[in-house]
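Notes for the one structure printed next.
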Number of protein chains: 2
Amino acid sequence: MVTVMAAPDAPRGRPRDSRAHQAILTATAELLAEAGYAATSIGAVAARAGVGKDTVYRRWSGKAELVYEAVFTQTEAVPVPDTGTLRGDLTVLLDALVREFTAPGAAAALPGLLADFAARPELRARIRSQFLAPAKSRLVELFERAVQRGEADPDLPVDLVLDTLAGAVFFHTGLLGEPAGPQLAAQLAAIVGRGIEAR
Amino acid sequence: MVTVMAAPDAPRGRPRDSRAHQAILTATAELLAEAGYAATSIGAVAARAGVGKDTVYRRWSGKAELVYEAVFTQTEAVPVPDTGTLRGDLTVLLDALVREFTAPGAAAALPGLLADFAARPELRARIRSQFLAPAKSRLVELFERAVQRGEADPDLPVDLVLDTLAGAVFFHTGLLGEPAGPQLAAQLAAIVGRGIEAR
DNA sequence: AACCATACGGGACGACCCGTATGGTTACCA
DNA sequence: TGGTAACCATACGGGTCGTCCCGTATGGTT
């Protein structure tokens, strides 16, 4: 009897090449920015990464999952600094959102990617739980401060406010392609911010 | 003398079958509702309409144009009734928007359709000039009444407000698939309406 | 009545992509 | 030294795309 329970999942066989993983993600991001979402096929990604298609399919189940990871992974959600006012906090949050949506790869990927997610029920649920989760936690934190100041109602429909903010930024910049700067964040904060202040 | 200038461009050759036009649009709308945007191919539409593919391509230059006409054509823009308050008017406008975005065909078509429009520069410009134009004219009318009542600033960024409303509805219902009723319109009107009232 | 231009349905075309095999090779572990 | 599994390359069957061509139908013009 030799090591009966030798590690539940002892890694047998040739281990995966860790460089391939990153090479694929990099190739995906580059292709998105250069050729757009539609032209970013699995085959094209594999060729650019110097990898067989098999190697891509072994790690991701499809184009939507791959693109999601390539674009929305290394964005660390910094907590919103306390500016002292609801509108100031909102401006900061929106500014980060605008920058995230207008990054070179994201701008090209978002419309097609969200359409793919929306079309498949099992992926659709992940829009809220993955795309929006970081922003929501920051929005909640921001609201709680505003409520403590008596600046906002405690029973706001947070999800709907978040959908409004994300929808506005996505529609304006992602779909219409309007130029987006800090000014956009300030204007949106003005429109939505005053709407949710306690009367 | 018999009609010397007999029409600058007298239609020569066999005239187009007017029934084919409507049959194609009907087949498109049905396929969208039943199978979704991705599965609504030109070939599938032609087969269902009992028509050759060429007959479709002779009338529309591509899938995006066809789907747009099939879904967003018979929506007549009723002017917003004067409810007496900005928020009341906004609620009516938003309610119409919600209904338009959640119609059986539109809900299935919008994400993919807008992604296709956004990906091609020549179509992207038409999002604002065609999708949003009817809603904008009503929003302007509604604002003018509010300004006359002293309820709103005369120098509001109308386009941005419209993008916010459309984006919120599209994101919430079209992408996330959240249930949409009159309550949604009222909540959005509350969030955005108070934000644009004159201080 | 003859002619001509165009639309018609139907089908074939080459190109592309998908997701899945199938080899021959390579790297790691026991 | 085997065993195992990932590596890359290539090929597969199935699908859609947009274009093109066929033979036919249908109208106006001469």
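Sequence lines set the chain letters: A, B, ... in the order given, protein chains first and strands last, and positions in each chain run from 1. Because the structure is predicted, anything quoted here is derived from the model rather than measured.
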Nearest-Å distance for atom pair [atom1]/[atom2], residues [X] and [N]:
X	N	atom1	atom2	answer
Asp17(A)	dA5(D)	CG	P	18 Å
Arg19(B)	dA7(C)	CZ	P	16 Å
Leu66(B)	dT16(D)	CG	P	16 Å

- Query: Near DNA chain D, under 4.0 Å by heavy atom, which residues of residues 104-114 of chain B?
  - Reply: none
Presence of [X] side-chain N/O under 4.0 Å of [N] phosphate oxygens OP1/OP2:
X	N	answer
Thr55(B)	dG9(C)	yes
Ser41(B)	dC17(D)	yes
Arg16(B)	dA5(C)	no

- Message: Going by side-chain hydrogen bond (donor to acceptor under 3.5 Å, both in side chains), name the pairs with one or both residues in residues 49-58 of chain B, residues two or more places apart or in two chains.
- Response: none
Restricting to salt bridge (Lys or Arg N to Asp or Glu O under 4.0 Å), what partner residues turn up for [X], sequence neighbours left out?
X	answer
Glu144(A)	none
Asp116(A)	none
Arg124(B)	none
Asp159(A)	Arg128(A), Lys136(A)

- Parallel, tilted or perpendicular: which fits the ring planes of Tyr68(B) and Phe117(B), with parallel below 30° and perpendicular above 60°? tilted
- Message: Closest-nucleotide mapping onto DNA chain C: is Val51(B) or Gly13(B) further toward the 5' terminus? I mean the 5' end.
- Response: Gly13(B)
Pairs under 3.5 Å (N/O, protein and nucleotides 19-26 of chain C):
residue, atom, partner, partner atom, Å
dG19(C), OP2, Tyr57(A), OH, 2.3
dG19(C), N7, Lys53(A), NZ, 3.2
dG19(C), O6, Lys53(A), NZ, 2.9
dT26(C), O2, Arg14(A), NH1, 3.1

- If a pair satisfies salt bridge (charged side-chain N to carboxylate O under 4.0 Å, His left out) and one of its residues is in residues 101-112 of chain A, list it, with sequence neighbours excluded.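 As it turns out, there is no salt bridge (charged side-chain N to carboxylate O under 4.0 Å, His left out) pair with a partner in residues 101-112 of chain A once direct neighbours are skipped.
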- Only pairs at least two apart or in different chains count here, so list each salt bridge (charged side-chain N to carboxylate O under 4.0 Å, His left out) that has a residue in residues 26-36 of chain B.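 Qualifying pairs: Glu30(B)-Arg48(B), Glu34(B)-Arg48(B).
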- Query: Any luck finding a side-chain donor-acceptor pair between Ser61(B) and Glu65(B) under 3.5 Å?
  - Reply: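 Per modelled atom types, Ser61(B) and Glu65(B) side chains form a pair under 3.5 Å.
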- Ranges pairing with ranges for DNA chain D, where each run has three or more Watson-Crick or G-U pairs under 3.5 Å: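 Stems found: C:1-30 with D:1-30.
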- Query: Residues two or more places apart in sequence or in another chain: which of them pass side-chain contact (heavy atoms from CB on, under 4.5 Å) with Ala146(B)?
  - Reply: Leu86(B), Arg149(B), Glu151(B), Ala152(B)
- Could you list the residues that satisfy ring-ring contact (aromatic ring centres under 6.0 Å, His included) with Phe170(A), not counting sequence neighbours? none
- Message: By the 4.0 Å heavy-atom rule, please label Arg59(A) as base, sugar-phosphate, or nothing.
- Response: sugar-phosphate
